[in-house]
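Since the structure comes first, as structure tokens, the remarks are kept for the end.
Values below: all heavy atoms of this structure, side chains included; hydrogens, waters and symmetry mates excluded.
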Amino acid sequence: MKFRNLFDLYTLLKNPWKSSDEIRRIQDAKLRKIVRHAYARVPYYRRLFDSVSLRPEDIREMRDLERLPLTSKREMNELPLSEKTAKGIDLRRCRVSA
């Protein structure tokens, strides 16, 4: 069995009794959940999706992420914190570390 990334390996080790198809279904379900959250609560991700006419339900599995434009580290660093932070998060209560 070939592992495409460390998360695949971690998931398998965490769930050794599950088949690779079952693990993939779990991963895809978690992906759909985080995509829905990002679209609903993070202004930057909503704009990113809207810029290419994607809706959260269009992302069903990992390969669907290829439809989103890439974001560079520089672009993310230039965004105000409020644009890349989920609504409802009190930034004053967040711990900053470097």
With sequence neighbours excluded, tell me which residues meet side-chain hydrogen bond (donor to acceptor under 3.5 Å, both in side chains) with [X].
X: D90; result: R92
X: S82; result: none
X: S72; result: E75
X: R93; result: none

Inter- and intrachain pairs under ring-ring contact (aromatic ring centres under 6.0 Å, His included), touching residues 53-87, at least two apart: none

Hydrophobic cluster partners of L91 (side-chain heavy atoms under 4.5 Å): L81, I89

Salt bridge (charged side-chain N to carboxylate O under 4.0 Å, His left out) pairs, two or more places apart, involving residues 40-50: R47-E83

Value rounded to 0.5 Å, distance of CZ in R25 from OG in S19: 5.5 Å

Inter-residue atom distance I59.CD1 - L65.CG, 0.5 Å rounding: 5.0 Å

Contacts of type salt bridge (charged side-chain N to carboxylate O under 4.0 Å, His left out), residue E57, not counting sequence neighbours: R55

Donor-acceptor contact present, side-chain K84 to main-chain M76, <3.5 Å: yes

List for me each residue that meets side chain to side chain contact (heavy atoms under 4.5 Å, CB included) alongside [X], sequence neighbours excluded, and say none if there are none.
X: N77; value: K73
X: V52; value: L54, L68, P69
X: D28; value: R24, R32, E61, M62

Minimum heavy-atom distance A86-H37, with the two atoms named: CB-NE2, 3.8 Å

Ring pair (Phe, Tyr, Trp, His ring centres under 6.0 Å) involving F49 - partner list, sequence neighbours excluded: Y39

